[in-house]
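To start, the structure itself, in structure tokens.
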Amino acid sequence: MPTAPVPTAPVPTAPVPTAPVPTAPVPVAPGPDLDAAFAALGDPVRRALVARLARGDATVGQLAAPFDLTPQAISHHVGVLRRCGLVEQRREGTRRPCRLRTDQLSLLGTWIDEQRRTWNDRLDALEQHLTDDGAAR
């Protein structure tokens with residue numbers, strides 16, 4: 001025997017109160033994408049390539065020499081560094097030397113310095129608060 005459908009009433013919904021969202025823009029450093037740059041530097045081979053390029057320009061073959069890696073593997077690592085803005089390559093005839101973009105690398109250092117200052121200020125304020133609280137007792 002078929003059953004009759006059960007009538008349903010619409011459930012009233014009330015708007016959910018939300019907290020205001022801050023509209024101030026978050027400052028973004030121009031230059032390399034910080035996430036991509038820090039991710040690229042998370043690899044020890046790429047950090048070694050950056051350290052080598054800090055001493056001067058080098059071709060992929062020159063960069064590959066101290067590693068037990070193929071030039072193709074080094075080219076891949078250079079490509080990652082290039083895409084995140086830390087390395088550039090140019091053509092000089094048949095050579096393609098790589099150059100470290102120290103201006104972009106310094107932007108990472110600036111971001112780290114800002115974070116260090118912020119946390120030092122916060123820790124100093126905490127220390128002062130704890131000192132003042134201990135003196136009040």
Side-chain angles (χ1 to χ4, degrees):
M1 208 152 84
T3 58
V6 177
T8 59
V11 177
T13 59
V16 177
T18 59
V21 177
T23 57
V26 175
V28 176
D33 172 30
L34 289 176
D35 292 341
F38 282 120
L41 293 173
D43 184 280
V45 171
R46 290 192 281 267
R47 285 194 307 273
L49 294 175
V50 167
R52 166 54 186 89
L53 289 172
R55 295 186 317 221
D57 298 359
T59 64
V60 170
Q62 292 167 328
L63 291 171
F67 296 98
D68 189 23
L69 296 172
T70 64
Q72 293 81 7
I74 296 298
S75 286
H76 170 76
H77 287 293
V78 168
V80 171
L81 292 169
R82 194 178 62 245
R83 285 188 294 280
C84 74
L86 296 176
V87 169
E88 64 184 7
Q89 270 186 305
R90 64 189 185 290
R91 290 184 191 260
E92 290 180 358
T94 59
R95 298 181 59 215
R96 293 188 54 140
C98 303
R99 171 178 288 160
L100 182 63
R101 296 192 58 200
T102 55
D103 59 328
Q104 301 302 313
L105 194 60
S106 70
L107 290 174
L108 297 178
T110 299
W111 183 85
I112 290 170
D113 290 342
E114 289 171 359
Q115 300 308 307
R116 183 180 295 120
R117 266 192 303 279
T118 297
W119 281 100
N120 283 338
D121 290 347
R122 293 181 78 176
L123 290 172
D124 289 346
L126 176 61
E127 181 180 26
Q128 184 63 45
H129 173 74
L130 294 174
T131 302
D132 292 348
D133 190 42
R137 288 183 181 194

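Around CZ of Arg90, the count of heavy atoms belonging to other residues, nucleotides or ligands within 6.0 Å exceeds 12. For Glu127, the CD atom counts as loosely surrounded, since its 6.0 Å shell holds 12 or fewer non-hydrogen atoms of other residues, nucleotides or ligands.
If you take SG on Cys84 and CG on Leu34, they are separated by 10.5 Å, rounding to the nearest 0.5 Å. Separation of atoms CD (Gln115) and CD1 (Ile112) is listed at 9.0 Å; rounding is to 0.5 Å. In this structure, CZ in Arg91 is found 4.5 Å from CZ in Arg96, a value given to the nearest 0.5 Å. One distance of note links NE2 of His76 with OG1 of Thr70; it measures 10.5 Å at 0.5 Å rounding. Remark: Leu107 CG to Arg101 CZ distance equals 9.0 Å, nearest 0.5 Å.
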Evaluate Ile74 against Val78 for side-chain contact (heavy atoms from CB on, under 4.5 Å), listing each step before the verdict. CA-CA 6 Å; Ile74 296 298; Val78 168; 4.2 Å; yes
How far apart are the C-alpha atoms of Leu100 and Leu49, what are their side-chain angles, what is the distance that settles it, and do they pass the side-chain contact (heavy atoms from CB on, under 4.5 Å) test? CA-CA 9 Å; Leu100 182 63; Leu49 294 175; over 6 Å; no
Between Leu108 and Leu41, does a side-chain contact (heavy atoms from CB on, under 4.5 Å) hold up when you go through it step by step? CA-CA 11 Å; Leu108 297 178; Leu41 293 173; 3.8 Å; yes
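At a threshold of 4.5 Å between non-hydrogen side-chain atoms, the residues Trp119 and Asp124 do not count as touching. Proximity of Leu53 to Cys98: side-chain heavy atoms (C-beta onward) are separated by under 4.5 Å at one or more points. Using a 4.5 Å heavy-atom threshold, the side chains of Arg52 and Leu63 count as touching. At least one side-chain heavy atom of Val60 sits under 4.5 Å from a side-chain heavy atom of Gln89.
In this structure, Val50 is a member of the same hydrophobic cluster as Phe67, with clusters built from ILVMFWY side-chain heavy atoms closer than 4.5 Å. A continuous path of hydrophobic side-chain contacts links Val45 to Leu81 [ILVMFWY only; heavy atoms under 4.5 Å]. Both Phe38 and Val87 belong to a single network of hydrophobic side chains, linked directly or stepwise wherever heavy atoms of I, L, V, M, F, W or Y lie under 4.5 Å apart.
Of all non-hydrogen atoms in Asp57 and Gln62, the two that sit nearest each other are O-OE1, 4.5 Å. Smallest separation of non-hydrogen atoms from Pro71 and Ala64: CA-CB, 4.3 Å. For the residue pair Gly85 and Gln104, the shortest heavy atom distance occurs at O-CG, 3.2 Å.
Of the possible donor and acceptor atoms, one in the side chain of Arg47 sits under 3.5 Å from a partner among the backbone N and O of Gly42. For the pair Arg46 (side chain) and Ala40 (backbone), a donor-acceptor distance under 3.5 Å is present. No donor-acceptor pair closer than 3.5 Å links the side chain of Ser106 to the backbone N or O of Gly109.
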